[in-house]
Number of protein chains: 2
Amino acid sequence: MDDIDRRILTVLQEDATLPVSELAKRVGLSTTPCWKRVQKLREDGVITKQVVLCDPAKMDLKLTVFVEIRTNRHNDAWLRKFAKIVRELPEIVDVYRMSGDVDYLLRVVVRDIEGYDAVYRKLIRAVEVFDVSSRFVMEKIKYSTALPLLGSDDDAA
Amino acid sequence: MDDIDRRILTVLQEDATLPVSELAKRVGLSTTPCWKRVQKLREDGVITKQVVLCDPAKMDLKLTVFVEIRTNRHNDAWLRKFAKIVRELPEIVDVYRMSGDVDYLLRVVVRDIEGYDAVYRKLIRAVEVFDVSSRFVMEKIKYSTALPLLGSDDDAA
DNA sequence: GATGAAATACCTCCCGC
DNA sequence: GCGGGAGGTATTTCATC
């Protein structure tokens with residue numbers, strides 16, 4: 001994982017439709033070695049998948065909700081059941097176990113309040129939670145799937 | 001945007017490397033009309049981009065932090081300056097303006113606490129904030145870039 | 001929308017440096 | 001490690017039904 005690999009990933013994280021020849025130009029390589037690097041990055045699992053991103057508004061998914069969950073069942077069985085249900089509900093797109101007073105943080109993408117309520121009901125029916133608090137998104141100011149690779153003083157310190 | 005389009009998007013949101021011929025098979029279409037639909041979905045901006053996703057652990061980005069920000073400057077100039085700085089910092093991957101007591105919610109991806117502190121300092125140096133509260137992610141239980149298209153009772157009601 | 005075929009472009013892997 | 005080039009394959013655009 002040298003600097004050229006990071007440059008390749010920086011480009012591919014923004015646009016993966018580019019021909020390898022064009023990608024090679026941008027990172028200052030010729031086609032073959034560039035292609036080999038991309039292949040290796042896939043083999044090594046650095047690149048996990050290649051996907052299309054969609055416009056939520058265009059598919060009538062205009063509401064994003066962050067849900068904070070507190071539980072009083074701090075055991076493996078509960079967590080397994082919880083993990084299962086959140087993976088089964090596609091509207092729950094992200095789930096994080098947190099430090100601090102909130103146990104879990106969920107990002108939920110739905111059409112409207114009714115859609116959110118349906119997900120909420122399915123969740124609390126499937127698993128016991130101590131407290132649920134919902135925070136609604138008014139405006140998406142930034143949303144990126146690209147991880148930071150070059151921007152900061154990573155190892156310049 | 002009929003059901004076939006939704007099936008195309010569901011597949012492409014998970015794997016955009018499939019040949020059109022294979023995609024066509026999965027959605028029950030032949031190659032040419034399937035290709036035309038994909039092209040139209042791109043033209044119409046339903047598909048916004050095609051990207052690779054990377055493994056954060058493999059690139060030494062082991063810490064995710066959610067940052068809650070409260071401001072006392074509720075005006076356009078402040079918001080523009082805030083939006084500018086968060087877009088400039090690649091470690092700040094998502095930014096949402098929220099309803100309720102928290103004004104903004106940020107997702108920040110960094111190597112470690114030091115990395116987070118560096119971002120934090122850059123942020124508060126660039127823009128005045130009233131209150132900042134950081135919540136650290138212990139475990140990523142689910143992370144998906146795929147929007148829910150079929151899973152729920154969208155228009156079955 | 002399906003089929004088949006043709007031209008183009010790209011991917012893949014051989015080679016030598 | 002790099003670059004060049006040949007061959008196979010996928011994409012893209014025609015027709016036609």
Practice problem: Begin from the C-alpha positions of B:Glu68 and B:Leu105 and carry the test side-chain contact (heavy atoms from CB on, under 4.5 Å) through to its verdict. | Solution: CA-CA 5 Å; B:Glu68 298 180 352; B:Leu105 182 63; 3.9 Å; yes
Practice problem: Assess whether salt bridge (charged side-chain N to carboxylate O under 4.0 Å, His left out) is satisfied between A:Asp5 and A:Arg37, documenting all intermediate values. | Solution: CA-CA 7 Å; A:Asp5 281 340; A:Arg37 278 170 182 266; 3.0 Å; yes
Practice problem: Using whole Å, report how far NZ of B:Lys36 lies from P of D:dC14. | Solution: 10 Å
Quiz prompt | Sidechain N-carboxylate O distance under 4.0 Å for A:Arg42, A:Asp44 | solution = no
Polar atom pairs between nucleotides 7-11 of chain D and protein, under 3.5 Å, N or O only, would you list them?
unit_1 : atom_1 : unit_2  : atom_2 : d
D:dT11 : OP1    : B:Val20 : N      : 3.0
D:dT11 : OP2    : B:Val20 : N      : 3.2

Quiz item: For the pair made of CD in A:Gln39 and P in C:dT12, what is the distance, rounded to whole Å?
Solution: 7 Å
Practice problem: Return yes if a side-chain donor-acceptor contact under 3.5 Å exists between B:Thr64 and A:Tyr96, otherwise no. | Solution: no
Quiz item: In terms of heavy-atom contacts, does NZ of A:Lys140 have more than 12 from other residues, nucleotides or ligands at under 6.0 Å?
Solution: yes
Quiz item: Please give, in whole Å, the distance from C:dG1 C1' to B:Ile4 CD1?
Solution: 9 Å
Quiz item: Side-chain contact, heavy-atom cut-off 4.5 Å: A:Arg121 with A:Leu123?
Solution: no
Self-check item: Pair pattern of DNA chain D in dot-bracket, where unpaired bases get dots and | marks partners in another strand, Watson-Crick or G-U under 3.5 angstrom
Solution: |||||||||||||||.|
Exercise. Quick one: pull up CG in A:Leu106 and CD1 in A:Ile92 and give me the separation to the nearest 0.5 Å.
Key: 5.0 Å
Exercise. Assess whether one donor atom and one acceptor atom, taken from the side chain of B:Thr32 and the base of C:dG1, lie less than 3.5 Å apart.
Key: no
Self-check item: Rounded distance (Å) that lies between atom C1' of C:dG1 and atom CG of B:Asp3
Solution: 16 Å
Quiz item: Whole Å only: how far is the NZ atom of B:Lys40 from the P atom of D:dT12?
Solution: 17 Å
Quiz item: Given D:dC2, C:dT3, C:dA2, which nucleotide is nearest the side-chain atoms of B:Leu29?
Solution: C:dA2
Practice problem: Walk me through it: do A:Phe82 and A:Arg73 pass the test side-chain contact (heavy atoms from CB on, under 4.5 Å)? | Solution: CA-CA 11 Å; A:Phe82 177 71; A:Arg73 301 291 164 104; over 6 Å; no
Quiz item: OP1 or OP2 of D:dG1 less than 4.0 angstrom from a side-chain nitrogen or oxygen of A:Arg37, does that happen here?
Solution: no
Self-check item: Test: A:Asp101 and A:Arg70 ion pair at under 4.0 Å
Solution: yes
